[in-house]
Amino acid sequence: MSDQRTAQQLLDLAAQVQDMHQLTQPGLAERFGASTDVEVRVGQVWRARWDETVMLLVVLAVRDREVQGAPVTIDPSREDDHGIVVGDTTTVFGVAVTVWAGLTATVPNRVLDQLVDVWSDSLVRCIAAASVQKPAPLPAGVRRGRKITSPMDPSAMLRAELTDDLELLRQAPGLPVAVPGIEPRTLAAILGSSLDLGAFCASLNVSQAEAMRLLRGKVPMTMEQIDLVAKATGIASEEIASSVRPLPAGLVIRMEHPRWRSTWTRRARRLGIAEERARLDGSYGAFSLAARETGGGEPDWDSRLRQFLNNSTAGEEDA
């Protein structure tokens, strides 16, 4: 659904809820604490968002970089026989909601935007069973959805729209992840004989030693450096970017966690860039700080990102 349409639906919903404070930002903070402390768990209901696509999802399974979830809509007159309808006293929404269990799919953690509710284990088990069309006891206040009888039924149209929205959420750009045993082509190899080391240093305003580390792939390049090299050499920025060392899986998992979502959106607004660019720059900033350290073990990536943001003249203090 579009951002504007979903926002209006949530406003209409809040007007019907007896304690609408629970769905306001202060109310959500009181219930779940700071967004930086929230962990993704089974049974949670999240608002998922990317660009203008927004939907509610109940989480049925949690993986490193993604969740398996079923769409939730607040229009109970729209339903199908693969889903269930949850009564108005069962959830925080205060009205009946439809869970489209037949549309259960995996979506990346990076699209999870706001935790809005937590459902009971019995309700989650019921939804999980419905997602694979297995019978299961229905908790009190829950019924099975009714069959769609016509392709022109509004429920059929909504189901098609939700299917499209899920695919858009799945396509949200992610961070590049290192694959063991596979090394990217170095920038030195891409530039080849056309490399003018002096001009390269001047274009990036770096020392020769720093330039050599970049050329050999010893340290990651920033998006700004990629753009500068592309402009100086005439080589497409996409090809230059392909030389950037992919990020460790542990870092990617942390940087795509919803705890950092508000950081990326605020930073994107501040710098006038896309959210995925803000996340990419911040992640490579944290990676660069860790790369300068010695010693083994997995770095504290959250701490490295906070340090990068605090040290960056364009950054802001977070969490």
Side-chain angles (χ1 to χ4, degrees), residues 1 5-6 8-24 27-28 31-32 38-48 54-63 66-107 112-150 153-163 165-166 169:
M1 301 179 196
R5 174 180 169 183
T6 304
Q8 184 58 52
Q9 282 188 321
L10 293 176
L11 286 174
D12 294 340
L13 172 64
Q16 301 176 55
V17 178
Q18 291 184 354
D19 184 7
M20 62 180 295
H21 174 70
Q22 293 187 74
L23 291 174
T24 65
L28 292 169
R31 293 169 62 206
F32 304 119
V38 172
E39 292 294 345
V40 181
R41 303 188 189 282
V42 171
Q44 294 174 339
V45 179
W46 283 82
R47 181 181 66 202
V54 184
M55 70 164 53
L56 295 173
L57 286 171
V58 56
V59 177
L60 303 179
V62 178
R63 304 185 179 98
E66 62 187 15
V67 297
Q68 184 183 56
V72 177
T73 60
I74 56 177
D75 187 349
S77 65
R78 306 287 186 263
E79 55 190 85
D80 70 6
D81 57 331
H82 295 300
I84 63 172
V85 177
V86 183
D88 56 2
T89 61
T90 306
T91 74
V92 72
F93 300 114
V95 295
V97 298
T98 299
V99 182
W100 298 80
L103 297 183
T104 296
T106 57
V107 299
L112 300 181
D113 183 54
Q114 174 64 62
L115 175 60
V116 296
D117 201 10
V118 179
W119 290 356
S120 69
D121 292 344
S122 60
L123 179 53
V124 172
R125 285 194 296 270
C126 175
I127 297 168
S131 72
V132 292
Q133 300 184 46
K134 288 185 176 180
L138 295 176
V142 177
R143 65 172 175 82
R144 301 196 185 281
R146 300 184 181 92
K147 187 175 182 179
I148 295 176
T149 58
S150 165
D153 189 312
S155 293
M157 299 179 187
L158 178 56
R159 183 170 63 184
E161 184 178 352
L162 291 170
T163 300
D165 288 348
L166 280 168
L169 291 175

Working to the nearest 0.5 angstrom, can you tell me the gap between [X] [atom1] and [Y] [atom2]?
X	Y	atom1	atom2	answer
H82	K147	NE2	NZ	8.5 Å
L123	T91	CG	OG1	8.5 Å
D153	L158	CG	CG	10.0 Å
R78	T98	CZ	OG1	9.5 Å
M157	S150	CE	OG	7.5 Å
R41	L115	CZ	CG	11.0 Å

Heavy-atom closest pair, residues [X] and [Y]:
X	Y	value
I74	L56	CG2-CD1, 4.3 Å
L60	A70	CD1-CB, 4.4 Å
V92	V116	CG1-O, 3.7 Å
V142	C126	CG1-SG, 4.5 Å
L166	L103	CD1-O, 3.3 Å
A129	P135	CB-O, 4.4 Å

Side chain to side chain contact (heavy atoms under 4.5 Å, CB included) assessment of I127 paired with V86 = CA-CA 10 Å; I127 297 168; V86 183; 5.5 Å; no
Charged N to carboxylate O below 4.0 Å: is that the case for E79 and R143?
->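 Result for this pair is yes, salt bridge flagged.
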Selection residues 125-135 - residue pairs positive for side-chain hydrogen bond (donor to acceptor under 3.5 Å, both in side chains), sequence neighbours left out =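 Listed by first then second residue: nothing to list.
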Would you confirm whether S155, through its side chain, and I148, through its main-chain N or O, come within 3.5 Å as a donor-acceptor pair?
->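 Answer holds: no.
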Could you tell me which residues satisfy side-chain hydrogen bond (donor to acceptor under 3.5 Å, both in side chains) with [X], sequence neighbours excluded, listed by chain and number?
X	result
Q68	none
S120	S122
R159	D80

Give the intermediate values and the outcome of side chain to side chain contact (heavy atoms under 4.5 Å, CB included) for residues V107 and W46.
-> CA-CA 12 Å; V107 299; W46 283 82; over 6 Å; no
Sequence neighbours left out, what pairs pass salt bridge (Lys or Arg N to Asp or Glu O under 4.0 Å) with at least one residue falling in residues 54-63?
->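 For residues 54-63: R63-E66.
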Which residue pairs pass the salt bridge (Lys or Arg N to Asp or Glu O under 4.0 Å) test with at least one member in residues 112-121, sequence neighbours excluded?
->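 Sorted pair list: R31-D117, R47-D113, R49-D113.
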Taking side chain to side chain contact (heavy atoms under 4.5 Å, CB included) as the test, write out the residues that go with A130, two or more places apart.
->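 In terms of side chain to side chain contact (heavy atoms under 4.5 Å, CB included), with neighbours along the sequence ignored, A130 is linked to I84, A101.
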